There are 2 protein chains.
Amino acid sequence: MAKARIRNRVRELREARGLTQAELAARSGCTRQTIIMLEKEKYVPSLSLAFAVAAVLGDRVEEVFQPEGSSG
Amino acid sequence: MAKARIRNRVRELREARGLTQAELAARSGCTRQTIIMLEKEKYVPSLSLAFAVAAVLGDRVEEVFQPEGSSG
DNA sequence: GGCGTGTGTAAGAAAAATTTGACATCACCG
DNA sequence: CGGTGATGTCAAATTTTTCTTACACACGCC
């Protein structure tokens, strides 16, 4: 598959907003575990979660998540 | 979960580009089934797939997929 | 009528995402 | 020292996504 590795700035953005993992998880409707895994790039989230997280972080999906080799 | 239903314009955009489902599938690195399911909104794709499809369609993820209740 | 193409549906299995629960570490506070 | 909040890890279980395979229908062509 074209499962390009996807980088994300969740942690960076989360801390910039002064949110804890638990806070972000609660607001984006997932568990803390999921946020941890996301920050550690253990896997690629679903588009749903990506939208939810991006919304909480106040950025667009394209800003928070970027396929490997995307212009910033 | 905050699994907001996500609408997509895959079909619309795909046809606008003169691509068949099989073509889009091959180019985005998934199977025809996946494209069919996507167009019929049977489920929300992974962010990987969303990026791949959007790239093939020549649009941004936010243009192709939109969480319910997004400005369009 | 038969053939090739594009689309749609279904079932079962595999792979990946997400949840739940338990526990360890570190920093801060009293 | 003891308690609390934030982060990280592990493992098992559940849900969702994706693949594979097989079949059906409509359309244009010869």
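A quick note: this is a predicted structure, and the numbers were derived from the prediction, not measured. So you know, we letter chains A, B, ... as the sequences are listed, proteins then strands, and number each from 1.
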| query | Do any of residues 58-65 of chain A sit with a heavy atom less than 4.0 Å from DNA chain C, and if so which? | reply | none
| A/Ile36 side, atom CD1; A/Arg11 side, atom CZ - distance, nearest 0.5 Å | 9.5 Å
| Rounding to a whole Å, what distance do you find between A/Ile35:CD1 and C/dT20:P? | 14 Å
| query | Any Lys/Arg nitrogen of A/Arg17 or A/Glu23 sitting under 4.0 Å from an Asp/Glu carboxylate oxygen of the other? | reply | no
| field | Under-4.0 Å side-chain N/O to phosphate OP1/OP2 contact, A/Thr34 with C/dT19 | value | yes
| field | Distance, rounded to the nearest Å, where B/Leu47 contributes CG and D/dT16 contributes P | value | 18 Å
| message | Any side-chain to backbone donor/acceptor pair from A/Arg9 onto A/Glu63? Under 3.5 Å, distance only. | response | yes
| query | How long is the line joining CE of B/Met37 and P of C/dT7, in whole Å? | reply | 16 Å
| Counting N and O atoms only, with roles assigned by atom type, does the side chain of B/Glu62 sit under 3.5 Å from a partner on the main chain of A/Val61, one being a donor and the other an acceptor? | yes
| remark: The salt bridge (charged side-chain N to carboxylate O under 4.0 Å, His left out) partners of B/Arg32 (sequence neighbours excluded) come to none
| query | Quick one: is B/Ser46 getting a side-chain N or O under 4.0 Å of the D/dT18 phosphate, OP1 or OP2? | reply | yes
| field | A/Thr34 side chain vs A/Cys30 backbone, donor-acceptor pair below 3.5 Å | value | no
| query | Donor-acceptor pair, A/Glu68 side chain versus A/Arg7 backbone, under 3.5 Å? | reply | no
| Can you check the B/Tyr43 OH to D/dC19 C1' distance for me, whole Å? | 9 Å
| message | I want to check something: taking the side chain as every heavy atom from C-beta on, are B/Asn8 and A/Leu47 in contact at a cut-off of under 4.5 Å? | response | no
| field | Protein-nucleotide distance (B/Leu38, atom CG; D/dC19, atom P), rounded to Å | value | 10 Å
| query | What one-letter contact string describes nucleotides 4-10 of chain D from 5' to 3', where B marks a base within less than 4.0 Å of any protein heavy atom, S marks contact via sugar-phosphate atoms alone, and - marks no contact? | reply | --SBBBB
